[in-house]
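Below is one structure; the comments refer to it alone.
The figures that follow rest on heavy atoms only: side chains count, while hydrogens, waters and symmetry mates do not. In listed order, ligands and their atoms are each counted from 1.
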Amino acid sequence: MAGIANMGIGMTSAGTRQRLVRRLADKGIRDPRVLEAIAQVPRHRFVDEAISSRAYEDSALPIGRGQTISQPYVVALMTEAILADGRPGKVLEIGTGSGYQAAVLAGVADQVFTTERIGELLRTARQRFHELGMHNIYTRHVDGLGGWPSQAPFDAIVVTAGGRIPEVLYEQLADGGILVGPEEHHGGQHLIRVVRTGDDYQRESLGAVSFVPLLEGLE
Ligand code: SAH
């Protein structure tokens with residue numbers, strides 16, 4: 001019994017997480033705030049216990065209901081993409097899923113507002129935030145395509161499902177705010193980063209990605 005328990009600790013310990021951090025740094029993630037947040041969040045708590053031994057591999061994993069927890073590299077890349085000078089105040093996430101990306105964002109921003117259309121996934125994520133004492137994450141069971149108007153404007157918006165990013169999300173960006181998310185084009189997805197300056201929106205592509213689809217309505 002002791003042996004099995006120790007093995008579990010070995011696979012999910014801070015040391016294992018530190019190896020993931022080094023791998024992400026090798027892949028080009030530079031911002032120390034992002035690497036620190038990844039080092040702090042226990043990703044094994046955001047997946048089913050049966051696959052928790054794989055939590056610190058740099059890969060997406062199933063979380064049920066046909067959805068996935070994003071690959072750590074992609075989580076780090078998106079988090080880095082929304083950081084400019086200074087700490088963001090309010091960040092909006094579309095697609096809570098496991099809650100992992102929200103937990104990483106909560107390490108680099110003051111407040112995280114996250115929306116999920118599948119009630120069952122959101123309940124599990126809320127439980128995790130509660131158990132881990134993450135009190136700066138606010139959740140809503142809504143179709144995130146409408147954003148979160150009562151909390152707008154946001155310093156950053158992170159979309160974690162792929163599709164056509166609705167205009168209303170851009171409108172909920174603060175001046176100087178940054179949106180990052182996978183946009184669908186001719187059957188392929190590209191991670192885009194858009195910086196708002198007044199009524200001007202500067203966009204760039206951060207490369208090809210593969211996310212689950214952005215869907216309408218609640219489940
Ligand atoms: N950020 C998540 C990634 C989960 S996968 C994580 O770190 O685990 C993307 C999630 O987006 C799925 O849970 C899916 O149900 C959700 N989603 C898809 N379309 C949505 C919409 N319109 N509004 C809110 N959530 C949506």
Checklist entry - Do the side chains of Thr197 and Gln202 get nearer than 4.5 Å, heavy atoms only? => result no
Next on the checklist: Would you say Thr79 and Gln101 are linked by a side-chain donor-acceptor pair, where the criterion is simply a distance under 3.5 Å?
Outcome noted: yes
Item to check | Spatial distance of atom CZ (Arg19) from atom OG (Ser13) [nearest 0.5 Å] | outcome: 7.0 Å
Next on the checklist: If we count only N and O atoms by modelled type, under 3.5 Å, do the side chains of Thr115 and Arg140 hold a donor and an acceptor together?
Outcome noted: no
Show me, pair by pair, the donor-acceptor contacts under 3.5 angstrom made by side chains of residues 160-171, not counting sequence neighbours?
residue : atom : partner : partner atom : Å
Thr160  : OG1  : Ile94   : O            : 3.0
Thr160  : OG1  : Gly95   : O            : 2.8

Less than 3.5 Å apart, N/O on ligand 1 and N/O on the protein: could you list those pairs with the distances?
residue  : atom   : partner : partner atom : Å
ligand 1 : 1 (N)  : Glu93   : OE2          : 2.9
ligand 1 : 1 (N)  : Gly95   : O            : 2.9
ligand 1 : 1 (N)  : Thr160  : OG1          : 3.2
ligand 1 : 7 (O)  : Gln101  : N            : 3.1
ligand 1 : 8 (O)  : Ser98   : N            : 3.1
ligand 1 : 8 (O)  : Ser98   : OG           : 2.6
ligand 1 : 13 (O) : Glu116  : OE1          : 2.7
ligand 1 : 13 (O) : Glu116  : OE2          : 3.4
ligand 1 : 15 (O) : Glu116  : OE2          : 2.6
ligand 1 : 19 (N) : Leu215  : N            : 3.0
ligand 1 : 22 (N) : Asp143  : OD1          : 3.0
ligand 1 : 22 (N) : Leu215  : O            : 2.6
ligand 1 : 23 (N) : Gly144  : N            : 2.7
ligand 1 : 25 (N) : Arg117  : N            : 3.4

Item to check | No-hydrogen, no-angle side-chain donor-acceptor test under 3.5 Å, Glu93 and Thr114 | outcome: yes
